Number of protein chains: 2
Amino acid sequence: MAIAKKVTINDVAHAAGVSVATVSLVLSGKGRISTATGERVSQAIEQLGFVRNRQAASLRGGQSGVIGLIVGDLCSPFYAELAAGMIESLESQGKMVFLTQGGRKGEHMLERFDTLVSQGVDGIVIAGAVDRGAELRTKAEDNGVPLVFASRASYLDDVDLIRPDNMQAAQMITEHLIRRGHQRIAWLGGQSASLTRAERVGGYCATLLKFGLPFHSEWVVECEASQKQASQALTQLLGQNPTITAVVCYNSVVAMGAWLGLMRSGWKSSDEGVDYYDKRVALAAFAEVREKDLDDAPMSWVITPAREMGKSVAERMLQRLDDGKSTVRNQIMPPRLVKQQ
Amino acid sequence: MAIAKKVTINDVAHAAGVSVATVSLVLSGKGRISTATGERVSQAIEQLGFVRNRQAASLRGGQSGVIGLIVGDLCSPFYAELAAGMIESLESQGKMVFLTQGGRKGEHMLERFDTLVSQGVDGIVIAGAVDRGAELRTKAEDNGVPLVFASRASYLDDVDLIRPDNMQAAQMITEHLIRRGHQRIAWLGGQSASLTRAERVGGYCATLLKFGLPFHSEWVVECEASQKQASQALTQLLGQNPTITAVVCYNSVVAMGAWLGLMRSGWKSSDEGVDYYDKRVALAAFAEVREKDLDDAPMSWVITPAREMGKSVAERMLQRLDDGKSTVRNQIMPPRLVKQQ
DNA sequence: ATGAAAGCGCTAACAG
DNA sequence: CTGTTAGCGCTTTCAT
């Protein structure tokens with residue numbers, strides 16, 4: 001099959017018996033075109049199967065209709081879902097997305113940024129850990145490219161930023177346990193270097209204090225994201241502090257490890273926690289996204305709706321595209337509590 | 001801060017005291033340029049911070065350096081990792097990737113395809129379930145755009161296709177159990193409408209026969225991807241068929257459910273399976289990607305290296321770009337067995 | 001080995 | 001309302 005010669009705006013103009021300018025106007029919906037001509041042009045377009053060359057359009061000065069997305073780690077479920085939500089939203093507005101990877105720690109953000117600019121994107125979204133935010137902001141200003149950040153945790157200031165409300169999430173999950181009658185609540189998991197964890201621990205701690213409950217630093221234990229480690233850490237914690245009745249787990253792996261650990265030591269899970277003779281320990285957790293594995297676990301958990309966050313990011317970007325001068329702002333995604341049973 | 005006026009090839013030519021043509025030649029590495037001039041140009045480029053406008057380049061007739069990727073579901077860990085591998089690979093070759101979503105069932109593949117073409121991509125990769133493969137192939141031919149498919153399971157023929165070896169994966173995991181002494185091996189999970197499952201069950205069955213072991217259709221049970229359902233289904237299966245000593249689980253959720261189910265019924269996990277008095281049942285599973293949750297489970301599992309598959313896809317695409325006439329081929333990714341110690 | 005010039009397909013003034 | 005015209009930034013013959 002021969003390669004169909006590309007049909008251009010010229011061919012359309014010819015077929016419709018008008019000038020290229022007219023076709024262009026019809027295409028962009030600008031200018032007042034008579035209904036009759038508009039009709040004729042549309043028909044020609046249809047008939048010839050014309051698809052407008054965005055590159056040429058953008059070269060001439062218009063918008064490219066393309067948004068660049070630099071995501072740190074596409075394999076993180078949270079960012080994958082964020083990206084999916086964003087792309088979905090943008091595509092429904094007729095935009096397209098250039099996806100590139102900035103590295104788990106944001107190592108490649110700057111180079112990727114340049115590449116995106118050279119591709120003529122209308123705006124850039126950066127999702128994930130950011131290495132050199134200030135430089136990026138300057139670059140964006142220099143190039144006149146709207147920039148929006150989306151991150152799980154961040155201290156960036158003076159930029160458009162959308163992020164989860166880690167502190168509120170921690171408050172919700174802690175308060176949930178308290179309302180179920182728990183007074184001695186421990187924390188399991190995460191590494192102290194993590195910003196996300198810091199924000200969450202902050203919320204946990206604040207909530208305890210707010211309810212006049214004891215906060216013991218020995219009840220906040222670090223551990224790696226492995227079931228075995230979580231299981232061991234929890235057993236040790238409970239052994240040394242038998243009065244603890246509830247545990248907040250930093251993520252789903254830790255949570256599963258905690259649960260399994262208890263079960264393996266002879267505890268049995270019931271609807272509201274894990275029981276051992278006359279004692280009960282309730283579990284609660286943070287999760288990146290809705291996970292099948294947690295569905296059947298005897299615990300409540302809290303997530304940040306990543307897909308919706310992606311949509312918010314898209315909306316924010318569209319706004320900036322409309323009105324480049326609109327003031328930057330810091331937007332926060334409320335978390336969602338998933339109650340067990 | 002004022003928006004820096006975009007520096008073009010003209011400015012570079014001026015600064016280096018040569019013509020734009022020369023700069024272009026240096027940029028593309030074509031044509032014989034004297035070392036001296038080349039040096040001077042490169043220096044000017046560096047100094048002015050010039051970045052070549054790919055849109056213009058591509059418009060004029062060159063390649064755009066952009067590959068379109070239509071992925072069905074970015075939230076599936078398998079495809080997320082595949083995409084990540086592909087993008088990584090392509091970016092290291094100076095290419096960029098347009099990412100769009102084709103829908104879980106490939107509903108939007110055709111529209112997305114058109115959009116990508118209008119953006120002037122050099123080639124298109126389709127990852128995921130494909131709805132109308134034949135049409136896509138025709139479209140690609142008409143537009144002269146190389147097309148490569150990557151899918152977890154597919155019957156597409158006569159196209160460039162890279163897919164996992166589901167059958168071999170099933171053979172590996174089944175044989176693994178057999179070599180450990182199991183003779184009565186059951187299958188748990190998946191829905192019979194799934195193509196992937198069909199391929200895997202095929203491999204499981206074939207391996208049993210190859211080793212002269214019994215295959216009972218009652219030992220192959222469907223179940224949804226939920227721990228609870230898996231747990232119930234397994235309990236029932238083992239209750240009715242007490243001679244079974246090993247179970248192959250269709251995915252990680254089913255596997256976790258199976259394990260938990262056994263534990264909750266009083267079984268205890270050991271290194272080589274789950275024990276109950278004098279009886280032992282070994283578990284094995286398919287997983288989409290390496291999962292932390294499976295790491296500490298008493299079972300072996302098999303995965304298709306999605307990231308490497310992504311790299312293969314990228315390579316295949318680059319080949320087609322070099323040599324559009326190279327014959328299509330069906331490439332298969334070997335699975336990897338992860339033995340639980 | 002390098003320069004001059006002709007566009008790629010489209011849009012944005014500016015005329016009519 | 002619609003046509004004319006001048007490029008956007010770059011590549012690519014064709015001369016020199």
Side-chain angles (χ1 to χ4, degrees), chain A residues 3-42 44-45 48-66 114-115 117-122 143-144, chain B residues 3-42 44-45 48-66 117-122 143-144:
Chain A
I3 293 178
K5 197 174 167 334
K6 221 160 232 165
V7 27
T8 79
I9 200 176
N10 267 296
D11 306 325
V12 176
H14 221 94
V18 295
S19 78
V20 289
T22 308
V23 179
S24 177
L25 288 183
V26 174
L27 247 33
S28 57
K30 291 178 187 171
R32 313 114 303 225
I33 299 288
S34 75
T35 344
T37 333
E39 197 58 45
R40 212 137 34 85
V41 171
S42 307
I45 289 180
L48 276 59
F50 164 79
V51 283
R52 159 222 235 132
N53 181 332
R54 304 300 305 246
Q55 313 207 84
S58 141
L59 176 58
R60 185 53 183 77
Q63 305 245 310
S64 64
V66 177
D114 283 341
T115 320
V117 170
S118 92
Q119 292 282 357
V121 296
D122 295 337
N143 289 289
Chain B
I3 292 178
K5 201 174 165 333
K6 222 159 231 163
V7 26
T8 79
I9 199 175
N10 266 296
D11 305 326
V12 176
H14 221 94
V18 295
S19 77
V20 289
T22 308
V23 178
S24 176
L25 289 183
V26 174
L27 247 33
S28 56
K30 292 177 186 172
R32 316 114 299 232
I33 299 289
S34 74
T35 343
T37 336
E39 196 60 42
R40 212 135 34 86
V41 171
S42 307
I45 290 180
L48 276 61
F50 163 80
V51 283
R52 159 222 235 135
N53 180 332
R54 304 301 305 247
Q55 312 206 86
S58 143
L59 176 58
R60 186 54 182 78
Q63 305 243 311
S64 65
V66 177
V117 170
S118 92
Q119 291 283 359
V121 297
D122 295 337
N143 288 289

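Here the structure is a predicted model, which means the values were calculated and not measured. We use all heavy atoms of the structure for the numbers below, so side chains are in, but hydrogens, waters and symmetry mates are not. A note on names: the letters A, B, ... follow the listed sequences, proteins ahead of strands, and every chain is numbered from 1.
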- Just checking B/Ser34: base, sugar-phosphate only, or nothing, at a heavy-atom cut-off of under 4.0 Å? sugar-phosphate

- Message: Side chains of B/Gln119 and B/Val66, heavy atoms from C-beta outward: is any pair under 4.5 Å?
- Response: no

- Query: Under 3.5 Å, side chain of B/Ser28 to main-chain N/O of B/Ser24, donor-acceptor pair present?
  - Reply: yes

- Just how far is it from atom CG of B/Leu59 to atom CD of A/Gln55, taken to the nearest 0.5 Å? 7.0 Å

- Message: Does B/Ala57 reach a base, just sugar-phosphate, or nothing at all? Heavy atoms under 4.0 Å.
- Response: sugar-phosphate

- Query: 5'-most contact on DNA chain C: A/Val23 or B/Val20, nearest heavy atom basis?
  - Reply: B/Val20

- Query: Given atom CG of B/Leu27 and atom C1' of D/dG9, what is their separation to the nearest angstrom?
  - Reply: 11 Å

- For B/Leu59, which contact category applies under a 4.0 Å heavy-atom criterion: base, sugar-phosphate, or nothing? base

- Task: Could you say whether B/Val51 or A/Ser19 is positioned toward the 5' end of DNA chain D, judged by the nucleotide with the nearest heavy atom to each?
- Result: A/Ser19

- Presence of B/Lys30 side-chain N/O under 4.0 Å of D/dT12 phosphate oxygens OP1/OP2: yes

- Heavy-atom side-chain proximity of B/Asn53 to B/Thr8 below 4.5 angstrom: no

- Item | Atom pair distance, as rounded to whole Å: NE2 in B/His14 and P in C/dA4 | 12 Å

- Out of C/dG3, D/dC10, C/dC10, which nucleotide sits closest to the side chain of A/Ile9? C/dC10

- Message: Among D/dT12, C/dG9, D/dG3, which nucleotide has an atom closest to any side-chain atom of A/Thr22?
- Response: D/dG3

- Query: Should B/Ile45 and B/Leu27 count as side-chain neighbours, where that means a heavy-atom distance under 4.5 Å?
  - Reply: yes

- When only distance counts, do a donor and an acceptor, one from the side chain of B/Arg52 and one from the base of D/dG9, lie under 3.5 Å apart? no

- CG of A/Asn53 versus P of C/dG7: gap in Å, rounded? 18 Å

- Message: Distance alone, cut at 3.5 Å: any donor-acceptor contact between the side chains of A/Thr115 and A/Ser118?
- Response: no

- May I ask you to verify if any side-chain N or O of B/Thr37 is less than 4.0 angstrom from the OP1 or OP2 atom of C/dT2? yes

- Taking atom C1' of D/dT11 as reference, at what distance in whole Å does atom CD of A/Gln55 sit? 14 Å

- Message: From C-beta outward on A/Arg60, which listed nucleotide comes closest to its side chain: D/dG7, C/dA4, D/dT2?
- Response: D/dG7

- Task: Respond yes when some side-chain nitrogen or oxygen of A/Thr8 is under 4.0 Å from OP1 or OP2 of C/dG9, and no when none is.
- Result: no

- Message: Rounding to an integer number of Å, can you tell me how far B/Asn10 CG sits from D/dC8 C1'?
- Response: 11 Å

- Whole-Å distance, B/Gln63 CD to D/dC10 P, equals 18 Å

- Over how many whole Å does the gap from B/Glu39 atom CD to C/dA1 atom P extend? 17 Å

- Task: Could you check how far CG of A/Leu25 sits from C1' of D/dC1, rounded to whole Å?
- Result: 10 Å

- Item | Among C/dT2, D/dC10, C/dG9, the one nearest B/Ala56 by side-chain distance | D/dC10

